[in-house]
Number of protein chains: 2
Amino acid sequence: MAAQDADIFDDMRHRLITGEFGYGTKLRAEKLRQDYNCSASTVREVLFRLSTVGLVEFQEQRGFRAPVQSVERQHELTHMRILLETEGACLSIRMGGVEWESRLTAAHHKLSHIETRVRSSGDLIPLLGLWSRAEQEFHETLIDACGSGLLKRTHAVIYEQFRQQLVSAETNYGYFPENIREHQAILDAALQRNEDLMRVCVNDHLARNLTRPLPRKAQPERSSAI
Amino acid sequence: MAAQDADIFDDMRHRLITGEFGYGTKLRAEKLRQDYNCSASTVREVLFRLSTVGLVEFQEQRGFRAPVQSVERQHELTHMRILLETEGACLSIRMGGVEWESRLTAAHHKLSHIETRVRSSGDLIPLLGLWSRAEQEFHETLIDACGSGLLKRTHAVIYEQFRQQLVSAETNYGYFPENIREHQAILDAALQRNEDLMRVCVNDHLARNLTRPLPRKAQPERSSAI
DNA sequence: TTTTCTTTGATTTTCGAAATTTTGCGCGTA
DNA sequence: TACGCGCAAAATTTCGAAAATCAAAGAAAA
C-alpha cells in the first residue's frame, strides 16, 4: 500500500479547508492518530507538512492548532492575493502567448457555466465544490504564464489559506452577479493585453473581501510627524 | 536539556545558508543523525521544518536535498523580493510613525558603519557575518511598519533563500560603493515619505542581482499574436 | 481570600527498530 | 551492444513505547 502519508495529508487538508476544525482549536495528535489508525509520528509529520502551507500553526512544545480566524488575517490574505495576483496576471500578459489566452478562456468558460447554473437555480450549496474548484483553476491559470514558479507556489499557498477563511465564514456568497461580471472583466483585460485595466479588475474583484479600506497613499514630501 | 530540536534546526539553517552543502545534494538522514547524535525521526522533523521556509526541498519517498542553484531561481527570488519589499516599504511609509523612522535610521547607521569599515579595510570576508546580519536587519526594519505579519513572514522566507543563493556564489561583493549609496538612498526616500522614489530605490538596489532584465511592459491594446 | 508551590495527569518530543519503497548492479536475452 | 528483468543494498517511512515537557488541580503559606 503506497504512501499513506500522502493520503492523510490530502484528507487533513480537505478537512481543514472545509473548516471542520474550529479555528484556534488544538489538533490533538492522539485524536487524529485514532481517526487514521496510524502512529503519532505519522500524524506529527503530516501536521508539519500542513504547517508548511500555512494551514495549521505550530508552536514549539505546545503542539499544533488550526489558525485563528480574524478580520486582520482575512485582510492580510486578501492584500497578499492582490499583490501576487496582479503581478502574476500582468507578467502573464507580457509573457504568455495565444496558448495561455486559450487556456484562460477555457477555464473561464467552465467557471462561467457553473456560475450561470448557480444563478438560475438560486441555490449555491450543491454546486459549491464544483464552483470552488473552477474558480481556483481560473485564478491559477490567470497567473500561470508569469514565468515564475516561486510566484505561483506562493500564490497557491495564500489562496488555500484564503479559501480556508471563506468556506466556513460562508461570506460573499451573495455576490454571484458581481462575481460573474468581474471574472468576465478579468478575461477581457487579459485578451486585450491591457495591464493597467487588469490591475484594476483584479483589485476590484478581491477587494470586496475587505471590510475596511486599505490605507491610502500618503502625499510625498509630507512632514514626518505622527 | 531543553528542546534539542530547536538547536539542530538553527544549526542546520546556518549550515544551509552558508552553503556548506552542495546545491542539489541529498541530505542523508543517516549522515546528519551521526552529526547530531540523535535519531532519524528528529532529523526528519528538522528537515521538514526547514522545508517550511524553503531552505531544503522535499520529495515524497525520495528524501530531502539542498535546493539547486540556478540563474532562474536567483531571478525568481529577486523578483519576489522586489515585489514584497517595495510594497512593504511603501506601506510602512503610509502607516509607520516617527518611531519607525527612528528604528530605520538606527539600523542604517549600524549597517553604514560596518560598510565603511569594509570599504576602508578593503577586505570583506572577516566582516561578512556582521555585514550580513546588519543588512538583513535594515531590510526587515524597512518593511516592519507595513502592518501585515503575513507580508513580513513571507519576505523573511524569501530573504533567507536569497541569501542562501548569494553566500556561496559570493557574487556582488565587488559592489560595495553602490551598496552604500543605495542604502542611503532608501533611507532618504523613507524619511521623505516619498513612495514613488522608494519604489525606484528598492528596485535599483535589488535589480543588480538580475543578469538579464525583467520582461518589459507590453503596450496595451496590442494584437495577441505570437 | 489570594498567592505560591507541588504534585499529578496529559501532551509533546525523542528514540531505535521494523516495514516499505527506491536505487543500483549483475545477468540473461535479443 | 542494447534492453529489460530481478535481486540485493541503501534509503525512506512508519511504528509503539520511553523520556521530557507542559498544564491544571490541589495544598500550603501569607
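Residue numbers start from 1 in every chain, and the chains themselves are labelled A, B, ... in the order their sequence lines are given, proteins ahead of strands.
For residues 25-35 of chain A, the pairs satisfying side chain to side chain donor-acceptor pair (under 3.5 Å) are A/Arg15-A/Asp35, A/Glu30-A/Arg33, A/Glu30-A/Gln34, A/Lys31-A/Asp35, with sequence neighbours left out.
Taking only side-chain atoms of B/Arg44, from C-beta outward, the nucleotide of D/dA11, C/dT12, D/dT14 with the closest atom is D/dT14.
Nucleotide D/dT13 holds its P atom 14 Å from the CD1 atom of A/Ile8, rounded to whole Å. Whole-Å rounding puts the A/Gln61 CD to D/dA20 P distance at 12 Å. Between A/Leu27 atom CG and C/dT13 atom P there is a gap of 13 Å when expressed in whole angstrom units. Taking atom CD of A/Glu30 as the reference point, atom P of C/dG9 lies 17 Å away to the nearest angstrom. For the pair B/Leu32 CG and D/dT12 C1', the interatomic distance rounds to 14 Å; values are reported in whole Å. As rounded to whole Å, 14 Å separates atom C1' of C/dT23 from atom CD of B/Gln59. Atoms CG (B/Asp5) and C1' (C/dT11) sit 16 Å apart, rounded to a whole Å. Following rounding to the nearest Å, A/Leu47 (CG) and D/dT13 (C1') show an atom-to-atom distance of 16 Å.
Taking A/Glu85 as the reference, A/Arg81, A/His139, A/His155 meet the side chain to side chain donor-acceptor pair (under 3.5 Å) condition, with sequence neighbours excluded. For the ring pair (Phe, Tyr, Trp, His ring centres under 6.0 Å) test, residues two or more places apart in sequence or in another chain that qualify with A/Phe64 are A/Phe48, A/Phe58. In terms of the side chain to side chain donor-acceptor pair (under 3.5 Å) criterion, B/Glu137 has no residue partners (sequence neighbours excluded). With sequence neighbours left out, B/Gln136 forms a side chain to side chain donor-acceptor pair (under 3.5 Å) with B/Glu140, B/Arg163.
Annotation: of the two residues near DNA chain C, A/Phe64 and B/Arg62, the 5′-most nearest-nucleotide partner is A/Phe64.
At the heavy-atom level, B/Glu45 lies under 4.0 Å from base atoms of the strands shown.
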For nucleotides 15-19 of chain D, tabulate all protein N/O to nucleotide N/O atom pairs closer than 3.5 Å, reporting atom names and distance.
residue, atom, partner, partner atom, Å
D/dC15, OP2, A/Ser39, N, 3.0
D/dC15, OP2, A/Thr42, OG1, 2.7
D/dG16, O6, A/Ser41, OG, 2.9

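At a cut-off of 3.5 Å, with distance as the only test, no side-chain donor of A/Glu20 or A/His14 sits close to an acceptor on the other residue.
Each of A/His108, A/His113, A/His109 was scored for a ring pair (Phe, Tyr, Trp, His ring centres under 6.0 Å) with A/Phe138, with one residue passing: A/His108.
Residue A/Lys26 places at least one side-chain N or O under 4.0 Å from the OP1 or OP2 atom of C/dT12.
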